[in-house]
> 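This is the structure I want to talk about, given as structure tokens.
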Amino acid sequence: MPIKVLATEVVSKIAAGEVVERPASAVKELIENSLDAGATQIAVEAQGGGVELIKVSDNGAGIPASELELAFHRYATSKIDDLSDLEKISSLGFRGEALPSIAAVAEVEILTQTPSETIGSYLHLRKGEVVGKESRARPQGTTITVRRLFRYFPARLKFLKSVNTENSHIAHLVSQYALAFPEVKFSLVLDKRPSLRTTGNGDLREVVGEIYGSEVAQRMLKVERKDGLAEVGGLTSPPSLARSNRNYLSFFVNRRWVRSPLLARATEEAYRGLLMDGQHPVTVIDISLPAQELDVNIHPAKAQIKFCHEQAVFGSVQKAIEEALARTPIASSKTVPFSVSSGQWQSPRMIMDNEPAFVVAQLPTMELPVLRVLGQLANTYITAEGPDGLYLIDQHAAHERILYDRISAQWAQKEVEVQGLLQPITIELSPREKETMRASKEFLAEFGFTIEHFGNRSYVIRAVPALMARANIIEIISALLDNLASKESPNPWEEKIAQSLACHGAIRAGQQLSNEEMRELIKQLEQTKQPRACPHGRPTMIHLSSHQLEKEFGRIS
Ligand code: ADP
Ligand code: MG
């Protein structure tokens, strides 16, 4: 084919594909416009995962009738004037691409009124072309309705996930903006069901409560630190309140929601040694920096940014979180990963730094020999003697293996033992968790959970798998929903459920066990199919053979 300049329609669809990757991206652009317009109330509604309908209403400044059509032209913006403005952007939008991009791949209606006009204006566009235009009254603000998203863009439609997945993306997105702007009143309705509502009273802890539940909100620690470069503020969880994936890390830079591996690493660095492997904190952090310190213009959807002084920002965030953590004593024995047997808590980091000089010996068979329990080390490891040397068994990993095998076996035989709860437990889910719950209630039922919807985002748990009856049910459910929503793990859902149940039902490190309990644990471990590894593939034990012992002590060379 000869080289030619592409037709405008093709160009705008290509550009639209960059800005509007999925329905949630359109919601993001519309919310940002409302915030830029100074709205204090933003109502979002979506149907059919956002493909059928997205509607965003605000009480912001509105668009004057004379500029309304212009707003849908590519690179038309009221937010920057010239090149110098690009270096100090304070609005969320600036590229003038969102409205034309959305209009290029959907059917759009807009009704808007500014405070100085006596009547508002209405515009209807299809495939980017104006098909209707009139004057119509409404209170000050703007309502944009997007219908049949990607209808004219079937390639993109094909790649969208289920309605549930798209809904959960939208729920997550609106939650993020609600966290970034506690002074704005947000509401979200998904498929006619209320999903989120904040008061807009400016209290971040209250918004966290709306999204993650009041228990999380109460326990979050205040982050507050200012240095020569940045001001870091927000809330972060104590080590005893961890989640099993990174979805609970929210970062805002000058109140722009960003996905930043750098900030995630800075946060995790602050928690180093305080959380078990695979655990992550709940963090909501806003970083205020002079606009010249960052470049927001490196990503079409503005989801990534570049800091001029990356290392310094990293340090500011890490220190801010470390200070927040240092202000609270580590008190909970339940989830602190390591303890010393004297009953005194010691910095877990110190213990981890003393790596034992043991070597994991590979045994030819998977089976375990008969073991004699010697005692418990640091309330975490069982020491035992076998025919060929010493065994150090990780009590949590071992119990996890036992539970995992039992749960899988019961499920495979469709004979899940169920335990009804005398006191049903009510659980409050985040908007995103609720979408996962709706999509996976049947799977959970197969594993023995009886869960009923109880209005808005509350669910009542009436029965659980008998093996879980003594564990912390609320924690298990939230870990389960995390794991089911996670795209990092490609495992089938039954595997994910069995893994989460085993992990959260198992005894913890730091829990003192009687000799009887230790013997029972080892006996059960001997009967599992894979006694030497937990379901995540980590070893359950370290074996020091008689031969190694003799070598280490110089008895043989
Ligand atoms: P950008 O946000 O990058 O300027 P958009 O295409 O998103 O570009 O919007 C174009 C223009 O339309 C904005 O600059 C703004 O003037 C106006 N606009 C869009 N949405 C709203 C809204 N909800 N309220 C007021 N003005 C709006
Ligand atoms: Mg915009």
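Nothing fancy with the numbering, it's 1 onward along the sequence. Just the heavy atoms: all of them, side chains too, but no hydrogens, waters or symmetry mates, feed the values below. Atoms within a ligand are numbered from 1 in the order they appear, just like the ligands themselves. Keep in mind that what you see is a predicted model, and the values were worked out from it rather than measured.
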> Is there a polar contact, in the sense of an N or O pair closer than 3.5 Å, between Asp36 and ligand 1?
no
> If we only consider heavy atoms of Gly60, is any one of them less than 4.0 Å away from an atom in ligand 1?
no
> Does a side-chain N-to-carboxylate-O contact under 4.0 Å join Lys28 and Glu32?
yes
> Just do the side-chain contact (heavy atoms from CB on, under 4.5 Å) check on Leu221 and Val223 with the steps written out, would you?
CA-CA 6 Å; Leu221 312 172; Val223 178; 5.9 Å; no
> Could you walk me through whether Leu99 and Leu30 pass the side-chain contact (heavy atoms from CB on, under 4.5 Å) test, one step at a time?
CA-CA 8 Å; Leu99 293 185; Leu30 298 176; 4.0 Å; yes
> Going by atom types alone, do Thr165 and Ser162 pair a side-chain donor with an acceptor below 3.5 Å?
yes
> Before signing off on this row, confirm whether Ala98 and ligand 1 have an N or O atom pair separated by under 3.5 Å.
yes
> Hey, is Thr142 touching ligand 1 through its side chain, its backbone, both or neither, going by heavy atoms under 4.0 Å?
side chain
> Please confirm whether the ring centroid of Tyr212 lies under 6.0 Å from the ring centroid of Tyr248.
yes
> Heavy-atom contacts under 4.0 Å between Leu30 and ligand 1: side chain, backbone, both, or neither?
neither
> Which of the numbered atoms in ligand 1 are under 4.0 angstrom from any heavy atom belonging to Ala71?
10 (C), 12 (O)
> Are Glu322 and Arg272 close enough for a salt bridge, meaning some N to O gap below 4.0 Å?
no
> For ligand 1, which atoms have a heavy atom of Ala37 less than 4.0 angstrom away?
24 (N), 25 (C)
> Work out whether the distance between some heavy atom of Pro100 and some atom of ligand 1 is less than 4.0 Å.
yes
